Amino acid sequence: MSTQTQQDWQPQRYDRFAVQRQQAARDLLAAVPALDARQIEDLGCGSGLSTALLLERWPQALATGIDNSAAMLLAARERVPGATFVQDNIADRLAGDCVDLLFANASLHWVGDHLRLLPGLLRRLNPGGVLALQMPNNSDEPSHSLMEEVAARPAYAPYRPHSSEVRQRLESIDAYFDCLATQDCELRIWETRYLHELDDAAAIAAWFASTALKPYLDALPTPLRDVFLADYIAAIGACYRPRANGNVLLAMPRLFIVAQRRG
């Protein structure tokens, strides 16, 4: 079991792939129906990339970014001075004033109990308000299955993070549909498979070092982290072979949900 302290998120690492990460956020935002959004919460706002997009569309809105990372919030305040940012956990946002838009871009997969969480978030919407979210649905991709495989090797197994510290597998699409279709909302749910062109397997590792791979690295003693990364890169290198131009393609399936409260 891990005895290491979880490190804070690193905005500079996360933003290395800002252009690719924003594509799904832009697609989610484009799917939000016409809305006079005056009060917005960006749940899991990170370094403010998604918050900036929200204020581009609704420049007069009162936008509040929510994140549990002090480092990410510091970067977000610098990037989007026109928004308010609050350090809090998404699971604790089920109470509070109603808003017009709850936007969660690549954040809710870090929060458990979705079949309770999502109806609770819907109840925080004003009539006509929208819950819009997308989550990576890539637990079965080699990039993720090999994290567990490498972490189970004898050198690293004593330091494996607790299951509550790592990303949880999503519910099935059917389960999300059944959970929300009985709520008082207009519902859209779909999946998009993105293909990100990256330099090599090391770039894939760098992509996830700031997200899903982070709990595994944090749990290790410092001298083992680079060794673990090298083993992970070697493992994924066998699955993500160079294409004709020498680069690799990282497949990233993402689940999208847009629910508009009736009224």
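All values derive from a computational prediction rather than experimental measurement.
Put simply, the side chain of Thr211 reaches to within 4.5 Å of the side chain of Arg21, judged on heavy atoms. With contacts defined as side-chain heavy-atom distances shorter than 4.5 Å, the pair His109/Leu170 qualifies. Between Phe228 and Leu213 the shortest side-chain heavy-atom distance falls below 4.5 Å.
Cluster membership for Leu29 and Met252, using ILVMFWY side-chain heavy atoms within less than 4.5 angstrom, is shared. Clustering ILVMFWY residues whenever any of their side-chain heavy atoms sit less than 4.5 angstrom apart, transitively, puts Leu131 in the very cluster that holds Ile173. Under the 4.5 Å side-chain heavy-atom criterion for grouping Ile, Leu, Val, Met, Phe, Trp and Tyr, Tyr194 is not connected to Leu249 through any hydrophobic cluster. There is no path of hydrophobic side-chain contacts, each under 4.5 Å, that joins Leu255 to Leu250.
Under the 3.5 Å distance criterion, the side-chain polar atoms of Asp42 are matched with a main-chain donor or acceptor of Thr51. In this structure, the side chain of Trp58 engages the main chain of Leu35 through a donor-acceptor pair within 3.5 Å.
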After noting the C-alpha distance and the side-chain angles of Glu191 and Asn137, does the key distance pass the side chain to side chain donor-acceptor pair (under 3.5 Å) rule? CA-CA 8 Å; Glu191 188 174 83; Asn137 195 15; 2.7 Å; yes
Run the side chain to side chain donor-acceptor pair (under 3.5 Å) test on Asp27 and Gln134 for me, step by step, so that the C-alpha distance in whole Å, both residues' side-chain angles and the decisive distance to 0.1 Å come before the verdict. CA-CA 10 Å; Asp27 292 345; Gln134 70 85 7; over 6 Å; no
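Ion pairing between a basic and an acidic side chain is recognised when a charged N comes within 4.0 Å of a carboxylate O; Arg38 and Asp100 show no such pairing.
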